[in-house]
Amino acid sequence: AQLNDLAVRAGLKYFGTALREGAINSDTAYAAILKNKSEFGQLVPENGQKWDATEASRGTFTYTQGDITANVAKSTGQGLRCHTMVWYSQLPNWVSGGSWTRAALTSVIETHMANVMGHYIGQCYAWDVANEAVADDGSWRDSIFYRTFGTDFLPISFNAAKKVDPNTKLYYNDYNLEYNGAKTNRAVELVQIVQSAGAPIDGVGFQGHLIVGSTPSRSSLATVLKRFTALGVEVAYTELDIRHSSLPASSAAQVTQGNDFANVVGSCLDVAGCVGVTVWSFTDKYSWIPETFSGQGDALIYDKNFNKKAAWTSISSVF
Ligand code: XIL
């Protein structure tokens with residue numbers, strides 16, 4: 001059986017993947033696997049819904065890239081996760097380089113959400129409302145949003161998102177929450193800040209950009225997930241990849257990678273409020289890792305030739 005079918009049978013809502021906009025219409029082998037609903041029950045656009053793709057200049061909205069994924073999901077019946085609204089990165093300079101009053105930047109956020117979330121209304125299982133607001137050392141991440149509002153941009157953003165789409169799940173999404181350190185503590189506080197302000201938050205996304213051999217154990221991961229579900233929000237792994245820190249990976253390292261994937265997926269199965277797992281692309285042919293972490297890679301579950309790796313088999317056997 002394939003991964004989404006197995007995941008659903010095991011009690012998750014979905015096993016999903018990111019869709020690389022530049023590959024889907026040119027690579028038929030890629031498209032065939034990606035569109036297989038038994039393998040991937042939910043899709044997320046890798047880049048197409050980000051601010052720089054949707055509102056590169058103020059007030060001009062473009063959905064060409066975001067619609068690529070939404071249209072595939074419509075035609076296959078796969079679900080859709082939507083990504084992302086308020087984020088310091090892939091943010092056009094007209095936003096990040098402006099000097100804003102709170103009122104003016106609130107209006108920029110509200111207008112962006114009204115248009116982009118409005119365009120996809122009814123289609124998104126969840127929206128990442130705020131992405132990566134915490135730095136790795138646990139301090140608040142510097143951004144135009146934090147500089148203008150302090151942490152008030154969080155409740156402002158979640159409230160604005162709710163007004164546009166009352167039925168999608170509103171998520172906070174970040175990486176390195178898996179290690180249960182200072183960054184995790186701050187993310188817990190973030191959820192509490194939103195809740196104390198009376199604003200809606202439904203979920204926390206663990207991006208899951210992890211490293212072979214340094215991925216926490218299944219039980220440690222379950223412990224971290226539960227710190228969030230204890231606050232009344234659901235959790236999900238939203239961008240899972242587990243990279244080899246040096247290449248080529250030995251066959252022993254491939255086995256370790258498989259065990260690491262099994263621990264991550266297993267931890268989701270162990271926590272009642274963990275709804276699903278999304279890999280950040282499924283094939284080593286298309287992955288942001290080598291572009292971003294020089295010399296590292298092969299972080300996914302199919303190799304560059306679309307053969308299933310040990311990681312695929314380990315995931316299938318943990319379900
Ligand atoms: C990455 C994409 O995969 C790349 O194609 C792009 O160049 C940069 O962004 N955290 C996120 C994702 O929330 O949106 C990022 O995606 C990876 C890290």
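Order of listing sets the numbers, starting from 1, for every ligand and every atom in it.
- In the model, Asp298 has no side-chain atom that pairs as donor or acceptor with a side-chain atom of Gln257 under 3.5 Å.
- Using a cutoff of 4.0 Å between basic side-chain nitrogens and carboxylate oxygens, Arg20 and Asp27 are not scored as salt-bridged.
- A donor atom on one side chain and an acceptor atom on the other are not found under 3.5 Å apart for Asp67 and Asn71.
- Counting protein heavy atoms only, atom 8 (C) of ligand 1 is closest to Gln90 OE1, 3.4 Å.
- For the 3.5 Å distance criterion, the side chains of Asp5 and Ser38 qualify, holding a donor opposite an acceptor.
- Residue contacts with ligand 1: His83 is placed with a nitrogen or oxygen under 3.5 Å of a nitrogen or oxygen of the ligand (distance criterion only).
- Between Trp87 and ligand 1, not a single N/O pair is under 3.5 Å apart.
- Cluster membership for Leu210 and Val277, using ILVMFWY side-chain heavy atoms within less than 4.5 angstrom, is shared.
- By the 4.0 Å heavy-atom criterion, Trp280 is counted among the residues contacting ligand 1.
- Between Glu46 and ligand 1, an N or O atom pair is found at a separation short of 3.5 Å.
- Any N or O atom pair closer than 3.5 Å counts here, and Asn47 shares at least one such pair with ligand 1.
- Counting protein heavy atoms only, atom 15 (C) of ligand 1 is closest to Lys50 NZ, 3.8 Å.
- In the vicinity of Glu239, heavy-atom distances shorter than 4.0 Å reach the ligand 1 atoms 10 (N), 11 (C), 12 (C), 13 (O), 17 (C), 18 (C).
- Atom NZ of Lys308 has more than 12 neighbouring heavy atoms from other residues, nucleotides or ligands inside a 6.0 Å radius.
- Figure legend: Arg243 and Phe293 shown as a cation-pi pair, the cationic atom lying under 6.0 angstrom from the six-membered ring centre and within 45 degrees of its axis.
- Looking at Glu39, its side chain does come within 3.5 Å of a backbone N or O of Leu3 through a donor-acceptor pair.
- In Thr292, neither the side chain nor the backbone holds a heavy atom less than 4.0 Å from any atom of ligand 1.
- For ligand 1, the atoms lying closer than 4.0 Å to a non-hydrogen atom of Glu132 are 10 (N), 11 (C), 13 (O), 18 (C).
- Close contacts between ligand 1 and Gln207 involve ligand atoms 10 (N), 11 (C), 13 (O), 18 (C) [criterion: under 4.0 Å to a heavy atom].
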